[in-house]
2 protein chains.
Amino acid sequence: MNQEEQQFLQNYHLEDYPRPSVTSDIAVFAVKSEAGETYRLDPKKKLCLLLIQRGQFPFKGSLALPGGFLRPNETIEACAARELREETGAKAPILRHIGVFSNPSRDPRGWIVSNAFLSVLSEEILQNMQISGGDDAAHAEWFEIDFVQKQDDICHLTLKHDDVRVSAVLRTFQNIYGMQEFEVLENGGLAFDHAQIIAAAVSHLRRETKQFSLIFDFLPEQFTLADLQKIEELISGKSLLASNYRRKAENFLEFTGNSTNGSGHRPARLFRRKVS
Amino acid sequence: MNQEEQQFLQNYHLEDYPRPSVTSDIAVFAVKSEAGETYRLDPKKKLCLLLIQRGQFPFKGSLALPGGFLRPNETIEACAARELREETGAKAPILRHIGVFSNPSRDPRGWIVSNAFLSVLSEEILQNMQISGGDDAAHAEWFEIDFVQKQDDICHLTLKHDDVRVSAVLRTFQNIYGMQEFEVLENGGLAFDHAQIIAAAVSHLRRETKQFSLIFDFLPEQFTLADLQKIEELISGKSLLASNYRRKAENFLEFTGNSTNGSGHRPARLFRRKVS
DNA sequence: CAAATAGTGTCTCTAAGACAATATCAC
DNA sequence: GTGATATTGTCTTAGAGACACTATTTG
């Protein structure tokens, strides 16, 4: 670096120009088993999303995605991982950046650009984890999520936990630059533009699981083909024929040599993800 | 909004917390025809990327992607479109957000988070456009781009214009969150982390054209199957059999009723993108 | 044995790769 | 006709969807 450049940098002050605040918001998904199974029946499973109840203004008391402000000397991914850990106690093994939400009026506090992330936790990690609200969050909890595209381009997003139930309505369309986007018609009480971010996250998750990416992150190291298929069905919202799914999945799996037992029916072989 | 919330917002000052500057950088691709064709031979075509030569520090004189700072009251997409227009005179019909680059040391001026975009221009638009450097740019020019993955995970990026030639070397890997990423081994004189951004853009462009997305944006409204195939070949770096490509492409096309003529060989039917 | 889930085999249909053959223009 | 590109057809192989059938466990 020459002297002229050093001079330039010394006289250059980023603070002289307007800057937004930057945040990460994280949509964390997991599949949870229902406790109440009867003899020999497999446990029911649900696709869940981690939400916090906001303890502070704005949107105090509303449900929101965990997230927070980018700090100096960290990347946006590190910020997402840190905020998730601080607000919920969850340690994210994977993170996918799914979009930037920069509508100038998206936050009543002012000019805040949000980076949306998608993460996935396995039920195994879930059980060893105590989700807990941090300073900014009154409470973190798993909500059963349901996202369906009704007639035309109208999507219904439903989130349930015990007697708490949130229903948002969105419209999907192509923006002027050719990208699929969601517009919130009713936010159902969700904070900020988080209904829109959740819709984008589900959409992204569906794309990735279909091609055997992200789907393994829902499962422990060893799992059965039925486990894998159930997750694909939960996420896509469609039911599949086991024989065909098995054939397709086999390319991505290797047999561990182990099997399940004590299940009241034929044991299932346990597989793990093939490294390839 | 209740009074308590109003009070909160009045006392809340985003400026009390550290904030980064935020920029957009845009990788604009186009296919350009070579002038020197002989009788009856189709013109040669090249995949090109729009670069500017920086007129200011830092990286004064280096090649860089067009881009600039996010301003109040605009979305990050609007910022990308505006900067592209200001710096090069190009009006982007499409824009794809391809990633956020937030390494704290990526810019010597300080804490700057960059949003990378991908855009595509048709040769038709190209001809009606006078690319011109704006205030920040000494010069905007189209560079023939070549991006190949050699043995293992090493990628070579080459950019050529007349006697100017830039060669960068990158390594591709999965980051700790499971995403494909590029690490710059030699930046070949490109400014900032732009070699990394260009690699991500090419990678994204290849994914999208393969599924008949973005590919039509290179072409005028009416085009022949050979036009379409040539672009797919330029982007993917592989050559295809016309008969097979035709069969696959037909699902996305509709015949206009028109044909080419005066080309010295059998006329080709002109198609347009099927709306479906 | 019955209930419940695991796993195999096969038929059909569609899509993709390879490649041969024919068509049509300008000179 | 020749050179160049456009277009059609066909053979083969790989993969997905549908579905019938067999296998193995526990109470």
Side-chain angles (χ1 to χ4, degrees), chain A residues 33-34 36-45 209-212 215 219 222-234 236-272 274 276, chain B residues 33-34 36-45 209-212 215 219 222-234 236-272 274 276:
Chain A
S33 297
E34 287 278 285
E37 72 253 40
T38 71
Y39 162 66
R40 277 205 289 198
L41 256 79
D42 281 359
K44 286 200 172 169
K45 299 191 171 192
T209 52
K210 213 185 303 181
Q211 47 201 70
F212 291 92
I215 192 166
L219 292 162
Q222 300 193 14
F223 51 85
T224 68
L225 275 161
D227 290 338
L228 191 68
Q229 183 181 340
K230 187 72 202 168
I231 288 173
E232 173 66 39
E233 290 179 336
L234 279 172
S236 71
K238 295 169 190 160
S239 75
L240 305 165
L241 290 175
S243 56
N244 295 338
Y245 190 71
R246 164 181 309 271
R247 194 173 45 199
K248 208 165 52 167
E250 259 168 357
N251 306 319
F252 300 92
L253 302 179
E254 68 184 20
F255 181 39
T256 60
N258 307 326
S259 293
T260 59
N261 60 37
S263 52
H265 50 72
R266 177 171 177 175
R269 297 203 280 168
L270 287 163
F271 295 86
R272 71 166 65 85
K274 198 200 279 178
S276 76
Chain B
S33 296
E34 287 278 287
E37 72 252 41
T38 72
Y39 163 66
R40 276 203 291 197
L41 256 78
D42 280 0
K44 286 201 173 170
K45 300 192 171 193
T209 51
K210 214 186 302 181
Q211 47 200 71
F212 290 94
I215 191 166
L219 292 161
Q222 301 194 13
F223 50 85
T224 68
L225 276 161
D227 291 337
L228 191 67
Q229 182 181 341
K230 189 69 202 165
I231 288 172
E232 173 65 38
E233 290 179 335
L234 278 174
S236 70
K238 294 168 191 162
S239 75
L240 304 164
L241 290 173
S243 57
N244 296 338
Y245 189 73
R246 162 183 309 272
R247 194 172 46 198
K248 209 164 53 167
E250 258 167 359
N251 306 319
F252 300 91
L253 302 180
E254 68 184 22
F255 182 40
T256 59
N258 307 326
S259 293
T260 59
N261 60 38
S263 50
H265 48 71
R266 178 170 174 177
R269 297 204 281 167
L270 287 163
F271 295 86
R272 71 166 65 86
K274 198 199 278 177
S276 73

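All figures in this text were calculated on a predicted structure; none of them were measured in a lab.
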In a table with atom names and distances, give each donor-acceptor pair under 3.5 Å that connects a side chain of residues 252-259 of chain A to protein atoms at least two apart or in another chain.
residue, atom, partner, partner atom, Å
A:E254, OE2, A:R272, NH1, 3.4
A:T256, OG1, A:N258, N, 3.1
A:T256, OG1, A:L270, O, 2.6
A:N258, ND2, A:Q222, OE1, 2.9

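A:R269 comes within 4.0 angstrom of the backbone, heavy atoms only, and of no base. Backbone-only engagement by B:A226 is indicated by non-hydrogen atom pairs under 4.0 Å involving sugar-phosphate atoms exclusively.
Every residue two or more places apart in sequence or in another chain that forms a side-chain hydrogen bond (donor to acceptor under 3.5 Å, both in side chains) with A:Q229 is listed here: A:E233. Shown here are the side-chain hydrogen bond (donor to acceptor under 3.5 Å, both in side chains) partners of A:T209, two or more places apart in sequence or in another chain: there are none. Partners of A:K45 by salt bridge (Lys or Arg N to Asp or Glu O under 4.0 Å), not counting sequence neighbours, listed by chain and number: A:D227. Remark: B:R247 pairs with B:N244 by the side-chain hydrogen bond (donor to acceptor under 3.5 Å, both in side chains) rule, at least two apart or across chains. By the ring-ring contact (aromatic ring centres under 6.0 Å, His included) test, A:Y245 is found to be paired with A:F212, residues two or more places apart in sequence or in another chain being considered.
Scanning all heavy atoms of the two residues, the minimum distance from A:L228 to A:A249 falls at CD2-CB, 3.9 Å. The shortest heavy-atom contact between B:K274 and B:N251 is NZ-O, 3.2 Å.
Taking only side-chain nitrogens and oxygens, A:R246 comes nearer than 4.0 Å to OP1 or OP2 of C:dG7.
Considering only side-chain atoms of A:S243, the nucleotide from C:dG7, C:dC25, C:dT8 that sits closest is C:dT8.
Counting to the nearest Å, the P atom of C:dA15 and the CZ atom of B:F212 are 13 Å from each other. Note: NZ (A:K44) to P (C:dA4) measures 13 Å, nearest angstrom. B:L225 has its CG atom 19 Å from the P atom of C:dA23, to the nearest Å. Whole-Å rounding puts the A:H265 NE2 to C:dG7 P distance at 10 Å. When the P atom of C:dT5 is taken as reference, atom OH of A:Y245 falls 18 Å away, rounded to whole Å.
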If you write DNA chain D from 5' to 3' in dot-bracket form, with Watson-Crick or G-U pairs under 3.5 Å, [ ] for crossing pairs and | for pairs with another strand, what do you get? |||||||||||||||||||||||||||
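Near DNA chain C, meaning a heavy atom under 4.0 Å away, the residues from residues 250-264 of chain A are A:G264.
Here chain B contacts DNA chain D (any atom closer than 4.0 Å to a heavy atom, that is under 4.0 Å), and the contacts span D:dT2 to D:dT10 from 5' to 3'.
Within the structure, salt bridge (charged side-chain N to carboxylate O under 4.0 Å, His left out) contacts touching residues 259-271 of chain A (residues at least two apart or in different chains) do not occur.
Contact annotation: the side chain of B:H265 approaches that of B:D42 to within less than 4.5 Å [non-hydrogen atoms, C-beta and beyond].
The residue among A:L241 and B:T224 whose nearest nucleotide of DNA chain D lies closer to the 5′ end is B:T224. Mapped onto DNA chain C by nearest heavy atom, A:A268 and A:R247 fall at different nucleotides, with A:A268 at the one closer to the 5' end.
Note that the OG atom of B:S239 and the NZ atom of B:K230 stand 8.5 Å from one another [nearest 0.5 Å].
A donor-acceptor contact under 3.5 angstrom links the side-chain atoms of B:N244 to the base of C:dA18.
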